Amino acid sequence: MKAKTNLTMLCDFYELTMGNGYFQTGLADRICYFDVFYRSVPDKGGFAIAAGLAQVVEYIENLCFDEEDIAYLQSKGCFAPEFLDYLRTFRFTGDIWAVPEGTPVFPREPVVTVRAPAIQAQLVENFTLLTINHQSLIATKASRIVRAAKGRTVLEFGSRRAQGTDGAITGARAAFIGGCK
């Protein structure tokens with residue numbers, strides 16, 4: 001059986017250094033909020049279609065640092081040993097609120113809200129933005145094409161042009177959310 005890919009380190013180095021800073025200044029447990037939203041619809045389409053939540057939840061449920069991750073971070077020489085110990089037992093304990101996938105969303109309207117201790121919120125930000133932005137983009141485009149097709153079948157063939165297998169799979173899923181067959 002193929003082992004699951006550890007996506008914990010799929011973040012900006014900035015996220016980790018900020019987490020270290022929060023830890024060292026006593027702000028690790030301060031509750032923070034952030035919203036994922038967009039400011040405007042570039043194509044004047046009025047709304048977007050929310051997608052990607054399932055992958056965000058799966059990522060957060062599996063978020064943990066293994067010894068290889070800790071060794072890499074330690075090799076950088078910029079993280080407090082106590083912070084690295086904290087990461088060894090890291091688990092997300094915050095809350096996530098989101099609109100259901102497939103829901104039309106509008107500019108400046110929260111698609112996802114994260115409430116968590118500062119370090120935890122910081123460490124899930126990058127993946128949450130990456131996933132919601134990418135999949136909502138595809139679901140929105142698919143929705144626009146399906147509406148323009150006026151009842152004719154629209155099929156998803158994104159794996160022919162996607163950037164990698166993960167992009168193909170999550171892209172196909174998002175296109176289905178947007179209405180493709």
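No hydrogens, no waters, no symmetry mates; every other heavy atom, side chains included, goes into these values. Keep in mind that what you see is a predicted model, and the values were worked out from it rather than measured. Quick note: residue numbers are just sequence positions, from 1.
- A donor-acceptor pair under 3.5 Å is formed between the side chain of Asp66 and the backbone N or O of Asp69.
- Between Ala175 and Ile138 the shortest heavy-atom distance is N-CG2, 3.7 Å.
- Here the side chain of Glu125 pairs no donor or acceptor atom with the backbone of Glu15 at under 3.5 angstrom.
- Transitive grouping of hydrophobic side chains (ILVMFWY, heavy atoms separated by less than 4.5 Å) keeps Ile31 and Ile96 in distinct clusters.
- Linking Ile, Leu, Val, Met, Phe, Trp and Tyr whenever their side-chain heavy atoms come within less than 4.5 Å puts Leu10 and Phe92 in one cluster.
- Without hydrogens or angle criteria, Glu109 side chain to Phe106 main chain gives a donor-acceptor distance under 3.5 Å.
- A salt bridge links Glu101 with Arg173: the distance from a Lys NZ or Arg NE/NH1/NH2 to an Asp or Glu carboxylate oxygen falls below 4.0 Å.
- With Asn20 contributing its side chain and Phe83 its backbone, the two residues share no donor-acceptor pair below 3.5 Å.
- The only member of Glu68, Glu82, Glu67 that meets salt bridge (Lys or Arg N to Asp or Glu O under 4.0 Å) when paired with Arg88 is Glu67.
- The closest donor-acceptor contact from the side chain of Asp43 to the backbone of Gly45 lies under 3.5 Å.
- With Phe47 as the aromatic partner, Arg144 meets the cation-pi criteria of under 6.0 angstrom to the ring centre and within 45 degrees of the ring axis.
- Partner of Phe79 under the ring-ring contact (aromatic ring centres under 6.0 Å, His included) criterion, out of Phe13, Phe65, Tyr86, Tyr72: Phe13 alone.
- Within a 6.0 Å sphere centred on CZ of Phe176, other residues, nucleotides and ligands contribute 12 heavy atoms or fewer.
- Side-chain atoms of Thr113 and Asp35 form a donor-acceptor pair, as typed in the model, at a separation below 3.5 Å.
- In this structure a side-chain-to-backbone donor-acceptor pair under 3.5 Å is present from Thr128 to Val124.
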